[in-house]
2 protein chains.
Amino acid sequence: MKMHNPPHPGEVLRELCLQPLGLTVTEAAKALGVSRKTLSSILNCRAGISPEMAVRLSIAFGTTAESWLSQQLHYDLAKAEGKRRTLRVKKLAAA
Amino acid sequence: MKMHNPPHPGEVLRELCLQPLGLTVTEAAKALGVSRKTLSSILNCRAGISPEMAVRLSIAFGTTAESWLSQQLHYDLAKAEGKRRTLRVKKLAAA
DNA sequence: GAGAATTGTAACACGTAACGTGTCAGGGTG
DNA sequence: CACCCTGACACGTTACGTGTTACAATTCTC
């Protein structure tokens with residue numbers, strides 16, 4: 001069940017929301033109530049989906065905020081898991 | 001299926017991990033490889049579970065990192081949803 | 001009761017992240 | 001050519017996670 005290469009939510013947003021509707025970044029940013037740069041950063045994988053942004057997306061595109069944050073979670077988690085072996089942690093309970 | 005009052009992961013951590021094992025904050029912090037303050041902030045709901053912390057918890061307590069981040073997600077989301085009506089967002093697709 | 005351990009928390013510093021505004025260069029289109 | 005869209009950058013603000021240090025309050029132990 002592990003996602004080895006979870007896509008950045010920005011890619012999904014662009015391909016599943018903006019492109020099908022023929023929306024430009026400028027238009028979408030305006031509708032979402034954020035700056036063009038903010039949306040651009042997300043679309044280009046330079047920023048993550050914040051909880052507030054997830055709610056904005058859920059309003060604009062009729063999806064659930066949870067689905068966006070869940071994608072972001074798996075993306076962030078994949079990176080954190082990559083550092084698992086570098087963390088010095090003692091086991092406190094049965095693994 | 002909505003979680004109206006998702007508990008802060010810190011409460012869960014204290015009640016389901018530290019207390020059953022009789023661990024002090026100092027001991028647990030040392031085992032996790034973080035400062036006492038960092039763990040204390042989480043336990044007292046002043047800080048969230050970061051992806052790296054989730055991995056640390058998964059190692060120490062034999063749980064999954066995803067479960068911790070998922071709890072944090074729902075906690076953060078509940079707060080963001082509270083501001084849903086204050087966000088000026090235009091609908092771009094069918095709700 | 002006295003001393004030690006535990007805990008919460010405040011102050012300060014640092015790195016990172018989200019967000020805004022402004023600007024600029026390149027590409028497409030009227 | 002002029003205009004719009006886009007990506008990228010600089011700068012500033014705000015917030016958060018983390019560490020260190022320090023202090024006060026509580027609790028445990030002798």
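What you see below is based on every heavy atom in this structure, not just the backbone, and it leaves out hydrogens, waters and symmetry mates. Naming: A, B, ... by sequence-line order, numbering from 1 per chain.
- When the side-chain nitrogen and oxygen atoms of B:Arg14 are compared with OP1 and OP2 of C:dG8, one or more of them lie within a distance under 4.0 Å.
- Screening A:Lys83, A:Arg85, A:Arg84 for a salt bridge (Lys or Arg N to Asp or Glu O under 4.0 Å) with A:Glu81, the sole residue that qualifies is A:Arg84.
- Comparing atom distances between the A:Ser50 side chain and each of C:dT23, C:dC19, D:dC5 picks out C:dC19 as nearest.
- A chain of hydrophobic side-chain contacts below 4.5 Å, direct or via other Ile, Leu, Val, Met, Phe, Trp or Tyr residues, connects A:Leu43 to A:Ile49.
- Per the geometry, CG belonging to B:Leu43 stands 15 Å off C1' belonging to D:dT18, to the nearest Å.
- Here D:dT27 presents its P atom at 18 Å from CD of B:Glu27, a figure rounded to the nearest Å.
- Residue contacts shown for A:Thr24 are limited to sugar-phosphate atoms, with no base heavy atom under 4.0 Å away.
- No side-chain donor-acceptor contact under 3.5 Å links B:His74 to the backbone of B:Leu69.
- Of the candidate nucleotides D:dC5, D:dA8, C:dC19, C:dC19 has the atom nearest to the side chain of A:Met53.
- Nucleotide C:dA11 holds its P atom 11 Å from the NZ atom of B:Lys37, rounded to whole Å.
- Here B:Arg46 lies in heavy-atom contact (under 4.0 Å) with sugar-phosphate atoms only.
- Rounded to whole Å, the distance from CG on B:Leu32 to C1' on D:dG17 is 15 Å.
- For the pair A:Lys83 NZ and D:dT18 C1', the computed distance is 12 Å after rounding to whole Å.
- As a whole-Å value, the separation of A:Gln72 CD from C:dA17 C1' is 11 Å.
- At distances below 3.5 Å, not a single donor-acceptor pair connects side-chain atoms of B:Ser40 with backbone N or O atoms of B:Arg36.
- Along DNA chain D, the nucleotide closest to B:Ile42 and the one closest to B:Arg36 are compared, and the more 5′ of them pairs with B:Ile42.
- Base engagement by A:Ser35 is indicated by at least one non-hydrogen atom pair under 4.0 Å involving a base atom.
- Checking the phosphate oxygens (OP1, OP2) of D:dC4, no side-chain nitrogen or oxygen of A:Thr26 falls inside 4.0 Å.
- Each of A:Leu23 and B:Val34 lies near DNA chain D, and the nucleotide nearest A:Leu23 is the one positioned closer to the 5' end.
- Ranking C:dT9, D:dT6, D:dG17 by closeness to the A:Val25 side chain, first place goes to D:dT6.
- Side-chain atoms of B:His8 come within 3.5 Å of backbone N or O of B:Ala47 as a donor-acceptor pair.
- Following rounding to the nearest Å, B:Asp76 (CG) and C:dA17 (P) show an atom-to-atom distance of 17 Å.
- We find that CG of B:Asn44 is positioned 18 Å from P of D:dA25, with the value rounded to whole Å.
- Between C:dA18 and A:Thr38, no contact under 4.0 Å exists linking OP1 or OP2 to a side-chain N or O.
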